[in-house]
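Report on the following structure.
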Amino acid sequence: MNKRTLYSVIAALILLGVYSYEYFLNEEKQAEIVKDGKHVKNNTNEYFLPTSTTGQIVHHEGYSLSYSESHEQAEWVAYELKKSHLSNANFKRPYFEIDKAVKTGAADWRNYKKSGYDRGHLCPAGDRRYSQFAHDETFLTSNISPQDHQFNAGIWNSLEQKTRYWASKYDGVFVVTGGVLKGNMKTIGDEHVSVPNQFYKVLIDNNTGKTKMIAFLLPHKDSNKPLYEFVVSVDTIEKLTGIDFFSELDDAIENELEASSRYKDWSF
DNA sequence: CTGAAGTGC
DNA sequence: GCACTTCAG
């Protein structure tokens with residue numbers, strides 16, 4: 001081996017070492033930040049999580065949620081719906097399971113049996129069709145809320161399909177959704193699962209350059225009205241639920257976007 | 001797509 | 001409890 005070759009080999013080894021070391025550091029850094037939550041902007045799923053009014057946030061692989069023990073359901077379920085998540089795969093519906101990750105005990109699916117209400121998905125099965133695991137994971141009782149069938153299969157389904165359309169059109173959206181767990185509510189089952197009188201869905205698109213958001217507040221009954229008639233400001237949902245959305249955004253941007261109920265930036 | 005419910009082992 | 005079938009919007 002001549003000197004020139006030797007130097008090249010040494011240089012290559014040094015470079016390899018430096019890159020390995022940096023890679024190792026990055027891995028550690030990533031793990032650390034993901035663990036601590038919202039501080040990683042490139043981890044959208046953590047970055048846009050809302051606050052919890054109940055103190056019980058549970059993370060699953062396909063979505064996160066904040067569980068309300070008193071109402072036996074999530075106050076919000078949040079997940080990123082990427083364009084790449086969209087799929088036509090048709091998995092068989094599994095049985096609902098009690099979410100063991102909920103420390104206070106998630107509701108039993110039997111509360112819903114013969115109640116007259118659907119086990120309405122919050123993170124829809126249709127949004128997690130990219131794998132069997134992700135699909136089946138939506139069938140946890142922490143991810144469902146009692147919904148009138150006409151509502152669930154009607155305007156709520158329309159909104160979910162519209163969300164998938166936007167995820168495709170805008171290369172992904174971040175979704176936060178749930179029932180409004182306030183006021184006088186009917187309950188079902190031995191565990192008294194509350195039946196929300198309203199459901200909301202808040203979307204943010206942070207992928208197409210200019211950040212935009214839109215929020216919907218729907219009475220718990222089917223409607224033939226167009227979806228845009230149910231658009232409200234994010235502030236409205238925050239006041240109603242006590243949940244703080246997108247607090248990690250720059251305050252000026254957050255304040256401006258959350259006060260607005262314009263929907264012109266969203267294609268209906 | 002969103003779901004429930006009946007039948008049989 | 002689970003698989004299979006049938007049904008509703």
Side-chain angles (χ1 to χ4, degrees), chain A residues 62-63 65 72-74 76-100 105-170 172-173 175-180 186-191 193-203 216-230 266-268:
Chain A
Y63 58 93
L65 64 97
E72 288 291 7
Q73 65 196 277
W76 54 254
V77 168
Y79 59 97
E80 188 177 10
L81 180 57
K82 297 182 182 179
K83 188 173 183 177
S84 61
H85 287 154
L86 300 172
S87 158
N88 290 323
N90 205 6
F91 300 112
K92 187 183 168 188
R93 286 172 72 93
Y95 290 92
F96 283 94
E97 283 181 32
I98 298 170
D99 185 353
K100 288 174 184 153
D108 192 301
W109 58 268
R110 291 174 190 82
N111 289 291
Y112 291 73
K113 195 160 191 181
K114 302 251 183 156
S115 68
Y117 289 92
D118 279 8
R119 302 154 174 115
H121 278 82
L122 294 174
C123 174
D127 285 3
R128 304 282 87 149
R129 288 195 132 76
Y130 53 87
S131 76
Q132 175 95 53
F133 180 87
H135 171 261
D136 290 1
E137 195 184 42
T138 67
F139 286 77
L140 293 171
T141 56
S142 53
N143 184 43
I144 60 174
S145 178
Q147 288 184 332
D148 171 78
H149 183 66
Q150 301 300 321
F151 172 79
N152 188 21
I155 193 168
W156 190 249
N157 187 22
S158 299
L159 180 53
E160 291 176 340
Q161 292 187 36
K162 189 71 76 181
T163 302
R164 287 191 274 275
Y165 164 73
W166 285 325
S168 172
K169 189 178 179 67
Y170 305 132
V173 289
V175 185
V176 186
T177 194
V180 177
K186 205 184 299 182
T187 66
I188 57 169
D190 295 339
E191 292 180 287
V193 181
S194 299
V195 181
N197 297 309
Q198 297 161 295
F199 286 89
Y200 68 87
K201 196 181 288 286
V202 180
L203 309 176
F216 296 86
L217 181 64
L218 279 70
H220 189 182
K221 62 177 181 191
D222 196 20
S223 171
N224 291 321
K225 288 182 188 171
L227 281 169
Y228 54 76
E229 290 195 18
F230 298 95
W266 298 77
S267 168
F268 276 82

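Letters go in sequence order (proteins before strands), and every chain restarts at 1. From a predicted model like this one, the values you see are computed outputs, not experimental measurements.
- Residue R93(A) contributes atom CZ, which lies 15 Å from atom P of dA3(C) at whole-angstrom precision.
- Comparing dG1(C), dC4(C), dT2(B) against the side chain of W109(A) picks out dG1(C) as the nearest.
- Partner of H121(A) under the side chain to side chain contact (heavy atoms under 4.5 Å, CB included) criterion, chosen from T138(A), N152(A), T177(A): T138(A).
- Distance I98(A) CD1 to dG1(C) P: 10 Å, rounded to the nearest Å.
- Out of dA4(B), dG9(C), dC4(C), the shortest distance to the side chain of D118(A) is found at dA4(B).
- Without hydrogens or angle criteria, S168(A) side chain to R164(A) main chain gives no donor-acceptor distance under 3.5 Å.
- Side-chain N or O atoms of R128(A) include none that pairs as donor or acceptor with a backbone N or O of E137(A) at under 3.5 Å.
- Set against dA4(B), dT2(B), dC4(C), the side chain of R119(A) has dA4(B) as its closest nucleotide.
- Taking 4.0 angstrom as the limit, N152(A) places a side-chain polar atom (N or O) nearer than this to OP1 or OP2 of dG3(B).
- Heavy-atom distances to DNA chain B give each of G116(A) and N88(A) a nearest nucleotide, and the one nearer the 5′ end belongs to N88(A).
- In this entry the distance linking NE2 of H220(A) with C1' of dT2(B) reads 13 Å, nearest Å.
- Evaluation of atom-type donor-acceptor distances gives a pair under 3.5 Å for the side chain of Y95(A) against the base of dA3(C).
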So which protein N/O to nucleotides 6-8 of chain C N/O distances come out below 3.5 Å?
| from | atom 1 | to | atom 2 | distance (Å) |
| --- | --- | --- | --- | --- |
| dA8(C) | N3 | H149(A) | NE2 | 3.3 |

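- Minimum atom distance to the side chain of R110(A) is reached by dG1(C), of the listed dG6(B), dG1(C), dG9(C).
- Toward the 5' end of DNA chain B, the nearer of the two residues K113(A) and R129(A), judged by each one's closest nucleotide, is R129(A).
- Between F96(A) and F139(A), the two ring planes are tilted [angle within 30° to 60°].
- The backbone N or O of N111(A) lies less than 3.5 Å from no partner atom in the side chain of D190(A), so there is not a single donor-acceptor pair.
- Within residues 139-148 of chain A, no residue approaches DNA chain C, by heavy-atom distance under 4.0 Å.
- Ring-plane geometry between Y117(A) and H220(A) is classed as tilted, the angle between the planes lying from 30 to 60 degrees on a 0 to 90 degree scale.
- When distances are taken from the side chain of K114(A) to each of dC4(C), dT2(B), dG6(B), the shortest belongs to dG6(B).
- By the 30° and 60° cut-offs, the orientation of the rings of F199(A) relative to W156(A) is tilted.
- Only at 4.0 angstrom or more do the heavy atoms of residues 130-138 of chain A sit from any atom of DNA chain C, so none qualifies.
- For W109(A) and Y95(A), the ring centers are positioned 6.0 Å apart or more.
- At the heavy-atom level, G154(A) lies nowhere under 4.0 Å from the strands shown.
- Atom-to-atom, CD1 of I155(A) to C1' of dT2(B) comes out at 14 Å; the value is rounded to the nearest Å.
- Ring geometry, Y228(A) versus F268(A): the interplanar angle exceeds 60°, so the pair is classed perpendicular (tilted spans 30 to 60°).
- With salt bridges taken as basic N to acidic carboxylate O contacts below 4.0 Å, none links D148(A) and K221(A).
- If you measure from atom CD1 of I188(A) to atom C1' of dA4(B), you get 13 Å, rounded to the nearest angstrom.
- Side-chain N/O atoms of T141(A) and Y112(A) include no donor and acceptor closer than 3.5 Å.
- Without hydrogens or angle criteria, E191(A) side chain to D108(A) main chain gives a donor-acceptor distance under 3.5 Å.
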